[in-house]
Asks: 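Sharing a structure with you now.
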Number of protein chains: 2
Amino acid sequence: MPFTYEYPHPAVATDIAVFTLRRGALNVLLIERGAAPYLGAWALPGGFLQPDEELDECARRELLEETGVDADLLLHFGNFSAPDRDPRERVISVAYLALLASDELRLEASTDAAQARWFAVGDLPELAFDHAEILRRALEVLGSRARTISPLFALLPARFTLSQLQGAYEAVTGEEAEKRNFRKMVASLGCVSETDDFAHGSHRPARLYEAAS
Amino acid sequence: MPFTYEYPHPAVATDIAVFTLRRGALNVLLIERGAAPYLGAWALPGGFLQPDEELDECARRELLEETGVDADLLLHFGNFSAPDRDPRERVISVAYLALLASDELRLEASTDAAQARWFAVGDLPELAFDHAEILRRALEVLGSRARTISPLFALLPARFTLSQLQGAYEAVTGEEAEKRNFRKMVASLGCVSETDDFAHGSHRPARLYEAAS
DNA sequence: TGACTTAGTGTCGTCAATACACGAACATGC
DNA sequence: GCATGTTCGTGTATTGACGACACTAAGTCA
């Protein structure tokens, strides 16, 4: 029996919610759309799946093309398939989230995007399409996974103080943590190892840690 | 700027791993393919997304059409997008899992499927496409979510004994549980309430419980 | 050199999870 | 009807995890 699939194929795209910490606050990367629809509106970076490309690859490529940011760890967290979510034609959105250390970042908007910018998650502009909903879901997933700590390393430089790690944890979960209990938890997880160096600020230096082998 | 999307659209399909308990063992519902490719091979039920249909709806509809089983609670757990995973054309698979009580089941194969059958997850046939991989991932996700108990109700009749609930828990996690500790856990979760009735077997009757309001 | 600020540590109480053994209730067979 | 067998159902003691709590240490800056 020959294959006949009588329905039109939808377009398939990825959208990526990239988070980082800036001045202790959780920020998300948005682009200003350079094309209709929603010309001039802010949106999550993303774009269409190409032939011979897996969805994960598509997400990484689109993010790099549109913002100059290369994220090697992308987590799929949901699909968005409302038939009218894109006014042009039917587009299935495959949503990813990523975490990045802010010292790795150099934003470069591409042709598709007029500009790329960080926004604190508590102070967001109106978003194009259903991206507000996608971002809301991304934040939910992020908060629920923060307790495993290890993803948080991606938000920090390679070497970090425990206070920085706690700050990342608090920014992602939205809850304050007890300093001593937090350190006990980190120690029991065994996912960091101390270095011989210290971060020098304006007060007592803090020991630097790194992700355990 | 007019919208032009120069790449061909892939087909989008859903595949569903439906689990139930039969004689205490976890079983998965498979269909025998009634069309090429993989004619005669066993596969997860599933099919193509239609216009004006959300992915969740597609999964429920395809399952019902192909097997006669209606699952109202479908959980998306991943996408499968290897470019060559379907020999006909590019097909993105959106994968779901569902749990059902075996007393709700009356299997009816449709035209697309020669027959539908339950297989113990420990004794599976060769599967079409990349469905072995999809099923493997479904089992991982299922095991990791069992600890919240509440999804397990779907595997059981409306009223069940605690021994049945524990059996479902053990079948899904693959680990044995201590009877008293399991009951304490269930009590502390507060997700079941006792009824005044008892299940009569060949020994001491067991109290029947139901999902808490 | 003194004041300020952040870094870093130990203890106790509570609660959750683990391990463990026995009496209760009913069905069945003699 | 009575003895036997099987599953149902419960309480306690121990352990480890988690949360609350206050102080000393080390360096900067004025």
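So that the names make sense, note that chain A is the first sequence line, chain B the second, and so on, each numbered from 1. Because the structure is predicted, anything quoted here is derived from the model rather than measured.
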Asks: Report the residues that fulfil side-chain hydrogen bond (donor to acceptor under 3.5 Å, both in side chains) with A/N181, sequence neighbours left out, ordered by chain and then residue number.
Replies: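 A/N181: no side-chain hydrogen bond (donor to acceptor under 3.5 Å, both in side chains) contacts found.
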Asks: Please identify the 5'-most and 3'-most nucleotides of DNA chain D with any atom under 4.0 angstrom from a heavy atom of chain A.
Replies: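 Nucleotide range in contact with chain A: D/dG19 to D/dT28.
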Asks: Return a table of donor-acceptor pairs under 3.5 angstrom between the side chains of residues 189-199 of chain B and protein atoms on other chains or two or more places apart.
Replies:
from, atom 1, to, atom 2, distance (Å)
B/T195, OG1, B/D197, N, 3.3
B/T195, OG1, B/L208, O, 2.7
B/D197, OD2, B/R159, NH1, 3.3
B/D197, OD2, B/R159, NH2, 2.5

Asks: Could you check how far CZ of A/R183 sits from P of C/dT6, rounded to whole Å?
Replies: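 In whole Å, C/dT6 P and A/R183 CZ are 13 Å from each other.
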Asks: Who passes side-chain hydrogen bond (donor to acceptor under 3.5 Å, both in side chains) against B/S81, sequence neighbours left out?
Replies: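 side-chain hydrogen bond (donor to acceptor under 3.5 Å, both in side chains) list for B/S81, sorted by chain: A/E54.
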Asks: A/E210: which residues meet the side-chain hydrogen bond (donor to acceptor under 3.5 Å, both in side chains) condition with it, sequence neighbours left out?
Replies: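 So A/E210 forms no side-chain hydrogen bond (donor to acceptor under 3.5 Å, both in side chains) with any residue.
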Asks: With sequence neighbours left out, what residues match B/D86 under side-chain hydrogen bond (donor to acceptor under 3.5 Å, both in side chains)?
Replies: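 Partners of B/D86 under the side-chain hydrogen bond (donor to acceptor under 3.5 Å, both in side chains) test: B/R88.
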Asks: Can you name the side chain to side chain contact (heavy atoms under 4.5 Å, CB included) partners of B/R180, sequence neighbours left out?
Replies: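 With sequence neighbours excluded, B/R180 shows a side chain to side chain contact (heavy atoms under 4.5 Å, CB included) to no residue whatsoever.
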Asks: Determine all donor-acceptor pairs shorter than 3.5 Å in which one atom belongs to a side chain in residues 121-139 of chain A; sequence neighbours excluded.
Replies:
from, atom 1, to, atom 2, distance (Å)
A/D130, OD1, A/R85, NE, 3.2
A/D130, OD1, A/R85, NH2, 2.9
A/D130, OD2, A/R85, NE, 2.8
A/H131, ND1, A/L44, N, 3.0
A/E133, OE1, A/R136, NE, 3.4
A/E133, OE1, A/R136, NH2, 3.2
A/E133, OE2, A/R136, NH2, 3.3
A/R136, NH1, A/E140, OE2, 2.7
A/R137, NH2, A/F77, O, 3.4

Asks: Taking only nitrogen or oxygen atoms into account, show me every contact under 3.5 Å that the protein makes with nucleotides 26-28 of chain C, one pair per line with its distance.
Replies:
from, atom 1, to, atom 2, distance (Å)
C/dA27, O4', B/S202, O, 2.9

Asks: Counting any heavy atom closer than 4.0 Å, what does A/R180 reach on the DNA or RNA strands: base, sugar-phosphate only, or nothing?
Replies: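 Here A/R180 touches the bases of the nucleic acid.
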Asks: Expressed in angstrom and rounded to an integer, what is the separation of A/F182 atom CZ from C/dG8 atom P?
Replies: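 Going from A/F182 (CZ) to C/dG8 (P), I get 13 Å.
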Asks: Indicate the ring-plane relationship of A/H76 and B/H76, choosing parallel, tilted or perpendicular according to the 30° and 60° boundaries.
Replies: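 Rings of A/H76 and B/H76: perpendicular, as their planes differ by over 60°.
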Asks: Give the rounded distance in Å between these two atoms: NZ of B/K179 and C1' of C/dA21.
Replies: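 It is 11 Å, rounded to the nearest whole Å.
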Asks: In whole Å, what is the span from the CG atom of B/N181 to the C1' atom of C/dC15?
Replies: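 Rounding to the nearest Å, CG of B/N181 and C1' of C/dC15 are 15 Å apart.
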Asks: Would you indicate what A/S163 reaches in the nucleic acid, counting non-hydrogen atoms under 4.0 angstrom: base, sugar-phosphate, or nothing?
Replies: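 Touches sugar-phosphate only.
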Asks: Find which nucleotide of DNA chain D each of B/L208 and A/E178 is nearest to by heavy atoms, and output the residue with the more 5' nucleotide.
Replies: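 That would be B/L208.
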